[in-house]
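In this chain, numbering begins with 1 at the start of the sequence shown.
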Amino acid sequence: MRSAICLSVDRNMIIPAMFVASAVKERAAGHEPDVIIACPPGDATDAQRAWLEARRIVIADDIDLSPVAGIQMIDPRLTPATLVKLLLPGHFAGRYDKILYLDADLGIERDLTPLLALDTGPHAVAACGAGRVWAGWTLADRARSEAQFRSLGMSEPFRYFNAGVMLIDIAKWRRDDLATRAIAFVRANPAVCRLVDEDALNAVLDGSFTEISPLWNMSAGIWLHPEIRALSGVAIVHYAGLAKPWKRFGDGRLLFEYEEAWRDYRRFLAGTPWEGWLRAQWNARDVRRNIRHDLRNFVRRLRRRPTRSSPRQRRLY
């Protein structure tokens, strides 16, 4: 069965996509998978194209983007590039049978090719469940999450998945016309699609997906805990949210919380034309925000209002 590993980004995320794609290649044991970075025409520079070509990573900038034209993003962190993942199965139909879609804010810890062999059963998508009662969540967090699921028209028990790592069976995806249905949902319900493609896919699938282990899409916040790090087999660490591994300082994290991941980026970019890119990802304002967040967290701990999960919650996870 022919398979590929794909990312979709715009010019702002080309370098993180290069980092992830390169790590996928390096971790692959035996046969290297086809690795593709989809981006709008002209977003990859000649130097980036040459770097990727030397590592047998393909740039796909010929995807018809008209089906997602004009869709607005509610979350300012997102760009229309996030919708391109919906178009990948149609674009690569006939060339591949399966696509493993990856976001660009990932850390690749192990070989991903075993996941490509997974049978998705009757479903078009295999992904990791998300947004339930996560370790450390309060009842208010749960209520907000469930209210969002209801606004998407999902039914209980809510089976929501994270779209940052998705194994897609192309024939089944096209059979169910998922791209057309998800795009139509976004256009008809822009106010409830905060995460746009992810919310739309969950709305139209309503739990009809094959669930895979969190080892294939491990939350970075959970990954930090030593008892989780001691587990064998974690393949992908996902830096979802504000705290990205290439941004050394910023709100929503403790000081130097993701230092190891940031150093991985520094090693990756050393000696390349993009060494200065890493330092440009944060400024003094980010440092101040980071310090304030760390201090707020310290005060909460003194007041015995935990912001993180207990050992028992993490074991349950």
Side-chain angles (χ1 to χ4, degrees), residues 1-9 13 17 20-21 24 28 31-39 57-60 62-65 67-68 78 80-106 108 111-131 159-186 193 195-217 235-236 238 240:
M1 182 169 283
R2 298 164 300 169
S3 303
I5 296 176
C6 299
L7 299 90
S8 63
V9 295
M13 292 290 285
V20 173
V24 168
H31 176 68
E32 285 189 14
D34 289 353
V35 179
I36 302 167
I37 297 176
C39 67
I57 299 168
V58 177
I59 280 281
D62 57 344
I63 298 174
D64 178 13
L65 304 180
V68 297
L78 301 179
T82 190
L83 291 162
V84 176
K85 66 167 69 74
L86 301 175
L87 307 177
L88 296 174
H91 182 77
F92 290 113
R95 197 182 318 179
Y96 298 109
D97 301 300
K98 288 182 182 177
I99 288 174
L100 176 58
Y101 169 79
L102 302 177
D103 274 354
D105 56 351
L106 306 178
I108 307 301
D111 180 17
L112 303 189
T113 53
L115 187 55
L116 294 170
L118 177 70
D119 182 354
T120 63
H123 305 303
V125 172
C128 182
R159 297 190 68 242
Y160 191 95
F161 65 86
N162 181 281
V165 177
M166 290 191 298
L167 180 64
I168 298 171
D169 184 301
I170 291 178
K172 295 169 188 172
W173 177 283
R174 301 185 78 203
R175 174 201 68 194
D176 297 340
D177 200 17
L178 289 182
T180 301
R181 292 165 59 199
I183 293 167
F185 186 89
V186 172
C193 291
L195 296 178
V196 202
D197 54 289
E198 182 170 289
D199 282 339
L201 280 173
N202 275 282
V204 300
L205 287 172
D206 192 16
S208 295
F209 68 97
T210 298
E211 188 159 355
I212 59 176
S213 166
L215 298 176
W216 295 106
N217 191 353
I236 298 174
H238 195 165

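- A donor-acceptor pair is defined here as one N or O able to donate and one able to accept, closer than 3.5 Å; such a pair exists between the side chain of Ser208 and the backbone of Leu205.
- Residue Ala4 comes nearest to Leu116 through the heavy atom pair O-CD2, 4.2 Å, listed as atom of the first residue, atom of the second, then distance.
- With respect to Asp103, the side chain to side chain contact (heavy atoms under 4.5 Å, CB included) criterion is satisfied by exactly one of His238, Met166, Met13: His238.
- Salt bridge Asp197/Lys85: present, at least one basic N to carboxylate O contact under 4.0 Å.
- Remark: of the listed residues Ile99, Asp64, Asp62, Asp62 is the sole one forming a side chain to side chain contact (heavy atoms under 4.5 Å, CB included) with His91.
- Formation of a donor-acceptor pair under 3.5 Å by the Arg174 side chain with backbone atoms of Gly90 is not found in this model.
- Shortest non-hydrogen contact noted between Ser8 and Ala81 is OG-O, 3.3 Å.
- Smallest separation of non-hydrogen atoms from Arg159 and Glu211: NH2-OE1, 3.4 Å.
- Taking OH of Tyr160 as the reference point, atom CG of Asn202 lies at 5.0 Å (rounded to 0.5 Å).
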Can you check side-chain contact (heavy atoms from CB on, under 4.5 Å) on Val9 and Ile37, steps first, answer last?
CA-CA 7 Å; Val9 295; Ile37 297 176; 3.8 Å; yes
Test side-chain contact (heavy atoms from CB on, under 4.5 Å) on Asp34 and Ile5; report intermediate values, then the result.
CA-CA 6 Å; Asp34 289 353; Ile5 296 176; over 6 Å; no
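- When side chains are defined from C-beta on, Cys6 counts as touching Phe92, because their heavy atoms get closer than 4.5 Å.
- No donor-acceptor pair closer than 3.5 Å links the side chain of Arg175 to the backbone N or O of Ile170.
- In this structure, Glu198 and Asn162 have side chains that are in contact, with non-hydrogen atoms separated by less than 4.5 Å.
- With hydrogens and angles ignored, the 3.5 Å screen pairs no side-chain donor or acceptor of Lys98 with any backbone N or O of Asp169.
- When side chains are defined from C-beta on, Ile212 does not count as touching Asn217, because their heavy atoms never get closer than 4.5 Å.
- Looking at Leu115 and Leu100, their side chains come closer than 4.5 Å, going by heavy atoms from C-beta outward.
- Using a 4.5 Å heavy-atom cutoff, the side chains of Tyr101 and Val125 are not in contact.
- Looking at Ile36 and Val58, their side chains come closer than 4.5 Å, going by heavy atoms from C-beta outward.
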Run the side-chain contact (heavy atoms from CB on, under 4.5 Å) check on Leu112 and Leu102 step by step: do they pass?
CA-CA 11 Å; Leu112 303 189; Leu102 302 177; 3.8 Å; yes
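- To the nearest 0.5 angstrom, Leu88 atom CG is 8.5 Å from Leu86 atom CG.
- In this structure, Cys128 and Val165 have side chains that are not in contact, with every pair of non-hydrogen atoms separated by 4.5 Å or more.
- Across every non-hydrogen atom of Ala104 and Leu7, the tightest pair is CA-CD2, 4.0 Å.
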Show, in sequence, the C-alpha distance, side-chain angles and deciding distance for Leu201 and Phe209, and conclude whether the side-chain contact (heavy atoms from CB on, under 4.5 Å) test is met.
CA-CA 10 Å; Leu201 280 173; Phe209 68 97; over 6 Å; no
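- Between the side chain of Thr210 and the main chain of Ala126, no donor-acceptor pair closer than 3.5 Å is present.
- Here the CD1-CG distance, from Ile183 to Leu87, works out to 5.0 Å after rounding to the nearest 0.5 Å.
- Of all the heavy atoms in Trp173 and Ala179, the pair that sits closest is NE1-N, 3.6 Å.
- By the 4.5 Å heavy-atom criterion applied to side chains, Arg181 and Asp176 are counted as neighbours.
- The two residues Cys193 and Ala200 make their nearest non-hydrogen contact at SG-N, 4.4 Å.
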